Amino acid sequence: MEMTNMKMVNRVNAYPYLQVTILFAGLGSVIGGLIVELCVLLVFKEADFAQIGYQPILYVGLLGFIPALLTGIIIACKKIWQGDHKSIRTSFLIGFVTSAFYMGAIVLYLGINSWIEIGVLLAFMLMIGLFGAVNAVIASCIALPKVCKSRFDITFKKEDDSYKGLHHLR
């Protein structure tokens with residue numbers, strides 16, 4: 001009986017690290033591309049989707065894949081659950097930091113030559129950080145596993161059912 005209880009506790013406490021990481025990487029980059037696509041369509045009201053095409057989704061999706069992946073890895077390592085009172089705040093903060101620092105690193109790699117460019121860099125990092133934070137919150141609503149409040153796992157009962165041996169008698 002002791003081993004059976006350990007199985008149930010381990011299954012209930014298991015966190016889907018890989019699933020959360022992959023979903024954040026995929027969803028975060030696609031959501032970012034869709035948001036940019038919608039913003040472009042709002043700015044250029046006379047244009048339609050066929051004129052603008054898939055370039056914003058593709059470029060922002062590819063550029064946002066790395067910060068979305070990093071966000072997913074950090075959130076999975078912290079074992080954040082959906083429905084937890086801190087999950088949205090934590091996802092927002094992690095998405096902000098990874099996106100801002102990623103874009104800051106790219107701009108710094110390209111080179112800064114004046115103090116004005118530093119101010120532009122900080123403003124750009126703030127804007128991209130907020131964009132990444134919103135993406136992380138939207139992705140967390142979809143990708144994070146839900147909290148199991150009852151600590152009851154129905155699959156445990158099915159595996160350990162006492163009638164399991166009677167199935168072949170039918």
Side-chain angles (χ1 to χ4, degrees), residues 11-149 153:
R11 183 165 292 144
V12 170
N13 290 333
Y15 189 84
Y17 295 99
L18 187 60
Q19 177 184 351
V20 169
T21 303
I22 290 171
L23 282 173
F24 259 92
L27 289 173
S29 57
V30 169
I31 290 168
L34 288 173
I35 290 172
V36 168
E37 182 78 31
L38 291 174
C39 290
V40 168
L41 286 172
L42 288 174
V43 169
F44 301 107
K45 292 180 182 179
E46 64 277 350
D48 62 357
F49 188 80
Q51 289 174 323
I52 296 171
Y54 294 102
Q55 286 87 7
I57 295 173
L58 181 65
Y59 295 139
V60 173
L62 289 175
L63 190 61
F65 178 77
I66 292 174
L69 178 66
L70 291 173
T71 301
I73 290 169
I74 294 169
I75 284 177
C77 288
K78 291 186 141 307
K79 294 183 183 178
I80 297 173
W81 295 84
Q82 184 179 6
D84 186 16
H85 66 282
K86 295 181 188 177
S87 65
I88 291 181
R89 278 186 293 176
T90 307
S91 298
F92 185 88
L93 182 65
I94 292 170
F96 178 83
V97 169
T98 56
S99 298
F101 283 129
Y102 178 70
M103 284 300 132
I106 288 174
V107 172
L108 286 175
Y109 176 75
L110 296 174
I112 291 182
N113 299 322
S114 70
W115 285 101
I116 295 173
E117 290 179 0
I118 292 175
V120 171
L121 168 68
L122 293 175
F124 186 66
M125 286 175 62
L126 177 69
M127 184 178 69
I128 296 298
L130 288 173
F131 182 74
V134 170
N135 288 341
V137 168
I138 294 170
S140 72
C141 292
I142 300 168
L144 290 180
K146 291 186 172 44
V147 175
C148 181
K149 294 185 175 161
D153 189 2

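Heavy atoms only: backbone and side chains are in, while hydrogens, waters and symmetry mates are out. Everything quoted here is computed from the prediction, not taken from an experiment.
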Short side-chain to backbone donor-acceptor contact, Q82 and C141, under 3.5 Å: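 The answer is yes, because a donor-acceptor pair under 3.5 Å joins these two groups.
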Rounded at 0.5 Å granularity, tell me how far [atom1] in [X] sits from [atom2] in [Y].
{"X": "I88", "Y": "L93", "atom1": "CD1", "atom2": "CG", "answer": "13.5 Å"}
{"X": "I73", "Y": "I94", "atom1": "CD1", "atom2": "CD1", "answer": "12.0 Å"}
{"X": "M103", "Y": "L63", "atom1": "CE", "atom2": "CG", "answer": "3.5 Å"}
{"X": "F96", "Y": "F101", "atom1": "CZ", "atom2": "CZ", "answer": "8.5 Å"}
{"X": "I80", "Y": "T90", "atom1": "CD1", "atom2": "OG1", "answer": "4.5 Å"}

Selection residues 66-75 - residue pairs positive for side chain to side chain donor-acceptor pair (under 3.5 Å), sequence neighbours left out: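 Non-adjacent pairs meeting side chain to side chain donor-acceptor pair (under 3.5 Å): T71-T98.
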Non-neighbouring partners of I66 that pass side chain to side chain contact (heavy atoms under 4.5 Å, CB included), sequence neighbours left out: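 By the side chain to side chain contact (heavy atoms under 4.5 Å, CB included) rule, I66 matches L70, Y102.
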CZ/F92: more than 12 non-hydrogen atoms of other groups inside 6.0 Å: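 Yes, because the 6.0 Å sphere around CZ of F92 holds more than 12 heavy atoms from other groups.
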Greater than 12 external heavy atoms within 6.0 Å of I138's CD1: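 Atom CD1 in I138 is packed in, count exceeds 12.
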Partners passing ring-ring contact (aromatic ring centres under 6.0 Å, His included) against Y17 (at least two apart in sequence or in another chain):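 Applying ring-ring contact (aromatic ring centres under 6.0 Å, His included) to Y17 gives Y15.
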Note, I35 side chain near I31 side chain (heavy atom, < 4.5 Å):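 Sidechains of I31 and I35: in contact.
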Beyond-backbone contact of F24 with I75, side-chain heavy atoms, under 4.5 angstrom: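 Yes, side chains in contact.
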Can you give me every donor-acceptor pair (side chain of residues 120-129, partner residue at least two apart or in another chain, under 3.5 Å) with its distance?
none

Residues in side-chain hydrogen bond (donor to acceptor under 3.5 Å, both in side chains) contact with S91, at least two apart in sequence or another chain: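 Checked S91 against side-chain hydrogen bond (donor to acceptor under 3.5 Å, both in side chains); zero matches.
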Non-neighbouring partners of S99 that pass side-chain hydrogen bond (donor to acceptor under 3.5 Å, both in side chains), sequence neighbours left out: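 side-chain hydrogen bond (donor to acceptor under 3.5 Å, both in side chains) check on S99 returns nothing, list empty.
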Tell me the closest heavy-atom pair linking [X] and [Y], and the distance in Å.
{"X": "G32", "Y": "N135", "value": "CA-ND2, 3.4 Å"}
{"X": "G72", "Y": "V20", "value": "O-CG1, 4.3 Å"}
{"X": "A68", "Y": "S29", "value": "CB-N, 4.0 Å"}

